[in-house]
Amino acid sequence: MIELDNVNYSYGGAELLRGVSVQLAPGTFHFLTGPSGAGKTTLIRLCYGALRPTAGQVRVFDTDMTRLDRDQMAMIRRRIGVVHQDCQFLDHLPVADNIALPLIVSGRDVAAEAGNLAELMKWVGLGARADALPPELSGGERQRAALARAVIMSPDVILADEPTGNVDWDMSQRLLQLLVELNRMGKTILVASHDLALIRAAKNQVQARVLRISNKTLQLAGADL
Amino acid sequence: MKRGTIRTFLLGDAQAGRIVPPSGHTAHLTLFVSAAMAFLAVFALALSLAAGRLADRWSSELARSATLRINAPADQRAAQTEVALKILRQTPGVASARALTQEEQAALLAPWFGTDLRLDDLPVPQLIEVTEGEPGYDAAGLRLRLAAAVPGAVLDDHTRWRRPLVQAANSLRRLGWISIALIGGATAAMITLAASAALSANARVIEVLRLVGARDVYIAGAFVRRFTLRTLIGATAGVGFGMAGVLLLPESSPEGGFLTGLGFQGFGWLAPILIPPMGALVAFLATWAAARRRLKELA
Ligand SMILES: Nc1ncnc2c1ncn2[C@@H]1O[C@H](COP(=O)(O)OP(=O)(O)O)[C@@H](O)[C@H]1O
Ligand SMILES: [Mg+2]
């Protein structure tokens, strides 16, 4: 699904990631952890092509991300669901439209998919908040809306960057539950989180591998978590 | 650009219009400027068309006619006129020759001397209107023959004063078209500035759209549609006002000469209808170019 091969990355100054190689096989569940500032968000952005590696190769669906032109990149992004760390909503549009945004921009008939949209919003517990504007949502509601938007195109891969940031424990459990359900439906999941308690809790529900960034490199964490 | 792409641009879907937040201020300015430009374009167009008509008429009418002037003492005038007419009718290439009547000559002088003028009191030469045939006559030969038989005859084939008049009308027409081109260029520049400002103001929206998989055509389309429609609406209003202005110009009359002929005539009335679509086309191209440039810079 997603393959990083000896990837280096730097924002211009010192190197942030070095020699990162990892393969996310279809249907797997991975956590990506590491202290704040370690480069989790950076790694996720490399995976959906928002950043280009300074060295090495990123392949998604067997496509070299560095060789895509802008239109091809747009098409690939429709097949990758991303929950961004800062959600990235359009604040002037109601939640329902924000969730449907990938459908709208890809020219799909939103009216025809209204049933799916309503069902999805119910699934993430936002059925009653369809007409609210993003700034009116609580932290947990925002994260669930972001997750709903990430899955509306039924992507095979879901990348979630700190999906439980800014929410309380119960809400983070609910969000985790949703991600586990998606994994059971066969989706490949990568969740970046610095919250070790959450990762431990998840290990009881799903067979997850934990990747840790330390010293600029990516390592597979053992059972010592 | 593929045809399907253009159609997507113009029709789009109802959703796409709302994706980019409304921008009251630039919207009004764009409407106003495109209306003003269209208004000016109407007058530039009226000027070009009128000058064109004038140039065509002068060059064709005057080219085929000449005037023979007979300056003779009053008692010999009629006789010399007769001789001149006879020579003219025998000259190959002269289609017709006709002495102007007293009334016609009086009418020609009326703008200067008023209508009460009695020509008998004045040493006014007799005028003979000569219409050239196809092929024309030999002016030099005709002059020689007239000089021998009619001492007071002067043949004026109008070339002397026709040329500068036609040239003036032609430069006026050229100026009109240059104005229209400048108006188009200024509109393009204005739309480019407005579209660039709108694109910069919506950089975050564009980033989000890119993140959820929008192609550049889609994003550009949202802006292109907006500016094209605004220009179309503004230009239509401007043309409306401009046409009203042209309608209020005095009716074309022989007394007023060129100035009163400034309006549109016949199919010319349809020409301003082309201004809004042309303006919209300019806006479409300008926004499209600006969007392509900015999108490459942004993400
Ligand atoms: N656009 C950027 N330009 C320069 N430096 C950046 C940029 N984004 C992030 N960084 C730096 O890269 C490092 C890793 O950031 P990030 O990937 O967001 O870490 P994490 O998500 O693990 O907290 C941080 O030190 C951050 O300051
Ligand atoms: Mg981060």
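Lettering follows sequence order; numbering is per chain, from 1. Every value quoted in this text rests on a predicted model; they were computed, and no experiment measured them.
A/Y48 touches chain B through its side chain: at least one heavy atom from C-beta onward sits under 4.5 Å away, while N, CA, C and O do not.
Within a 6.0 Å sphere centred on CZ of A/F61, heavy atoms belonging to other residues, nucleotides or ligands number more than 12. The neighbour count for B/M278 CE, taken as heavy atoms of other residues, nucleotides or ligands under 6.0 Å away, does not exceed 12. Counting non-hydrogen atoms of other residues, nucleotides and ligands closer than 6.0 Å to CG of A/D69 gives a total above 12. Heavy atoms from other residues, nucleotides or ligands lying under 6.0 Å from CD of A/E181 number more than 12. More than 12 non-hydrogen atoms from other residues, nucleotides or ligands lie less than 6.0 angstrom from OH of A/Y11.
Chain B forms the most heavy-atom pairs under 4.5 Å with one residue out of A/V82, A/I76, A/L93, A/D91, and that residue is A/L93. Top candidate by heavy-atom pairs under 4.5 Å with chain B, chosen from A/Q88, A/R149, A/Q72, A/H92, is A/H92.
Shortest non-hydrogen contact noted between B/A214 and A/A74 is O-CB, 3.6 Å. Of all heavy-atom pairs between B/D216 and A/D71, the closest is N-OD1, 4.0 Å.
The line from CG of B/L211 to CZ of A/R45 is 8.0 Å long, rounded to the nearest 0.5 Å. To the nearest 0.5 Å, atom CE of residue A/M73 and atom CZ of residue B/R215 are 14.5 Å apart. Distance CZ/B/R210 to CZ/A/R70: 4.0 Å, rounded to 0.5 Å.
For the pair A/R78 (side chain) and B/G213 (backbone), a donor-acceptor distance under 3.5 Å is present.
With a 4.5 Å cut-off on side-chain heavy atoms, B/V208 and A/N98 do not count as touching. In this structure, A/D97 and B/I19 have side chains that are not in contact, with every pair of non-hydrogen atoms separated by 4.5 Å or more.
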